[in-house]
Protein chains: 2
Amino acid sequence: MVNIKTVATIAGVSPSTVSRVLGGTSYVKQETKEKVLKVIRETGYAPNALAKSLKEGRSNTICLLMPSIQNLIFPIITQGVEDTARKHGFSVILCNTNEDVQVESAYIDKMRQRWVDGFILCEVAKDNTEYVDALHQEQFPFVLVARFNPQDQGQLNIVSVDNYGATYQAVSHLIETGHRQIAIAVGSEQLHFYEERLRGYQAALTDHGMEVNPALILNQGSGDESFYAQTKCLMETHPTVDAIFCTADPKAFVVLRALHDMKIQVPTQVSVMGFDNVPLSALMEPPLSTVSQPLYQMGVLAATNLIKQILHKEKSGTLPPPVHDVMQTEIILRKSTCIR
Amino acid sequence: MVNIKTVATIAGVSPSTVSRVLGGTSYVKQETKEKVLKVIRETGYAPNALAKSLKEGRSNTICLLMPSIQNLIFPIITQGVEDTARKHGFSVILCNTNEDVQVESAYIDKMRQRWVDGFILCEVAKDNTEYVDALHQEQFPFVLVARFNPQDQGQLNIVSVDNYGATYQAVSHLIETGHRQIAIAVGSEQLHFYEERLRGYQAALTDHGMEVNPALILNQGSGDESFYAQTKCLMETHPTVDAIFCTADPKAFVVLRALHDMKIQVPTQVSVMGFDNVPLSALMEPPLSTVSQPLYQMGVLAATNLIKQILHKEKSGTLPPPVHDVMQTEIILRKSTCIR
DNA sequence: TTGAAAGCGCTAACAC
DNA sequence: GTGTTAGCGCTTTCAA
């Protein structure tokens, strides 16, 4: 692999001149420039990014830490992050934590040693972890996307939706369209955003003068199958349930499946509503009504925010004040809900 | 950020000793070792991976280039790659080519400069591209996963399934269960594996004494919507079609949707079969019969193969002979097909 | 068993 | 405008 020195020798100049031609950092005589460029072309020289990063203390690489790439929402966020990063000349290292705090911690440790310029995280744990605190303490650039803890608001850079409000609205819609027995399928209570969605559900019920019946709250056990079983059980014990709000589209897919298998008509007998609006939700039978999150856009914003931090830090040595982007959600009405 | 020199100074030894303690490359007096370790712990020192890579000429990073992370099969492959890489101490950089040859080429160029030790590629183009040839020429470690070109067999490292054979079997199954008018939804003919699947379909038909009717071959136009429209059109012009074989599960989802919307019963009136067996296919209505590919395992094998190459090259300076792993597929019968 | 020194490939003062 | 030089943080001969 040819290096800058070789190019310099062949072109009869010094390495710094080659560097200058490449970086455009200062004026180089047109003639010299062309000579160097020619040699570069002929030798197929390409600068060693490692050496450059070592020298500059920056790698132009960011690390995206996600709980699971198999969860349908993350590829969309990832795409937003990646497109944006590429546009700004950054590469992204993708790390899957598999919803495991240990793995998350180990990855951050590993990536932090000047490897990456910043992180975009979907935190695994509900409670704040020391390593995220440490990142903050050390003024290491990072942004939290989709998942965050309440106490971080105003402290950290966050891109999220208003989970409470969005759910409140969605469940209110269900109530206002005549549903009277609304169940909910909630994801792991370890995750703050699921708690928020549950709160929104409860508040909507209460504010409309309805009772919150704990028997109608389905909690995530181990794996998605449990929602399948729970839905069946729910409908057997509470056949008058007329709507099931699901805190994520994939959960709604499972609920839909269970309802189908029980020969319960959707939406005639029970309405089903999801949360996310992943592309597939429109293909379901019936097409799923859901709360849409601008996932791609959230990825874009997270990356933009992070790069802004990185650049700011490089210039001034400090991080800009934290910003919390709260994105708009929207209720998408398809065929899995109806007016009673 | 504390570096090796600082640690050395505090511990009262030389940087080389610290390096030796860390690398375990040669004997260090127990006492010295403990002293150094203590300082490392106290200072929170962590080696700079960049500097290490620059020195060693290896980054312990591989690059995974995929056409689209939003395509349901890739996250699964990715997971296999990542899990395996992590197990061997490698990180993976994920690059999305968005099915664009330009982007693919640019990424390879960018990543190759000693950044990454090897590539796992899902090629975008049908014809061999110069940059892949160049990789091969230069003995740069890489493996092709899922997508490859016929002329590469025996030349390059490949992990794939027998697309022709798998489709032949699946379509034969359809024929043997009484289907007489079998349509096919084929993906972009720019991709060799879709061609293979089409060939398998044609051969199965021919071998069973049936005619290949071009009107029953649906080709991918722009985007998935086109299959929606094409399916509708097909069923209107050829209402006697009794099965549609889809060359990928997501295409089957669209076909299912179109059939539903036309109030055509699946499988009573027409059977639908997919290819991939992504997890979601079991949740469809009706649950999708499909040809399963061991996607996760393919990721695992690709990563294993690549790492083997990297290690071999480091030891001997040459690449091991190429291997082509052909994985087993399996017909999964669910509820979208039946016996006529 | 340990230290000194060279060098991986690059950039950026600092000279001229 | 261009060259010389030092140094980013690490590993690894080579000596001692």
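We use all heavy atoms of the structure for the numbers below, so side chains are in, but hydrogens, waters and symmetry mates are not. Residue numbers begin at 1 in each chain, while the letters A, B, ... track the order of the sequences.
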(Q) Could you check whether B/R147 pairs with B/E99 (Lys NZ or Arg NE/NH1/NH2 to Asp/Glu carboxylate O, under 4.0 Å)? (A)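 Yes, B/R147 and B/E99 are salt-bridged.
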
Q. With a 4.0 Å cut-off, would you call A/K38 and A/E34 a salt bridge?
A. no

In whole angstroms, how far is the [atom2] atom of [N] from the [atom1] atom of [X]?
| X | N | atom1 | atom2 | result |
| --- | --- | --- | --- | --- |
| B/I4 | D/dT12 | CD1 | P | 11 Å |
| B/E56 | C/dG9 | CD | C1' | 15 Å |
| A/I40 | C/dC10 | CD1 | C1' | 13 Å |
| A/K5 | D/dT5 | NZ | C1' | 13 Å |
| A/L22 | C/dA12 | CG | C1' | 15 Å |
| A/L54 | D/dA6 | CG | P | 18 Å |
| B/L50 | C/dT11 | CG | C1' | 14 Å |

Q. What distance separates A/T97 OG1 from A/M66 CE, expressed to the nearest 0.5 Å?
A.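 Rounded to the nearest 0.5 Å, the OG1-CE separation comes out at 8.5 Å.
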
Q) Rounded to the nearest 0.5 Å, what separation is found between the CZ atom of B/F140 and the CD1 atom of B/I310? A) 8.0 Å

Q. Looking only at heavy atoms, what is the nearest atom pair of A/I69 and A/P75, with distance?
A.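 The pair with the smallest heavy-atom distance is O-CG, 3.5 Å.
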
Q: Would you mind building the protein contact string for nucleotides 2-7 of chain C? One character per nucleotide, 5' to 3', B for base within reach (heavy atoms under 4.0 Å), S for sugar-phosphate only, - for untouched.
A: BBB--B

Q. So does A/K52 get a side-chain nitrogen or oxygen closer than 4.0 Å to the phosphate oxygens (OP1/OP2) of C/dT11?
A. yes

(Q) Please determine whether a side-chain nitrogen or oxygen atom of A/N48 lies at a distance below 4.0 Å from atom OP1 or OP2 of C/dG9. (A) no

Q: Report yes or no: is the cationic atom of B/K33 (NZ for Lys, CZ for Arg) under 6.0 Å from the centre of the six-membered ring of B/Y27, at an angle within 45° of the ring normal?
A: no

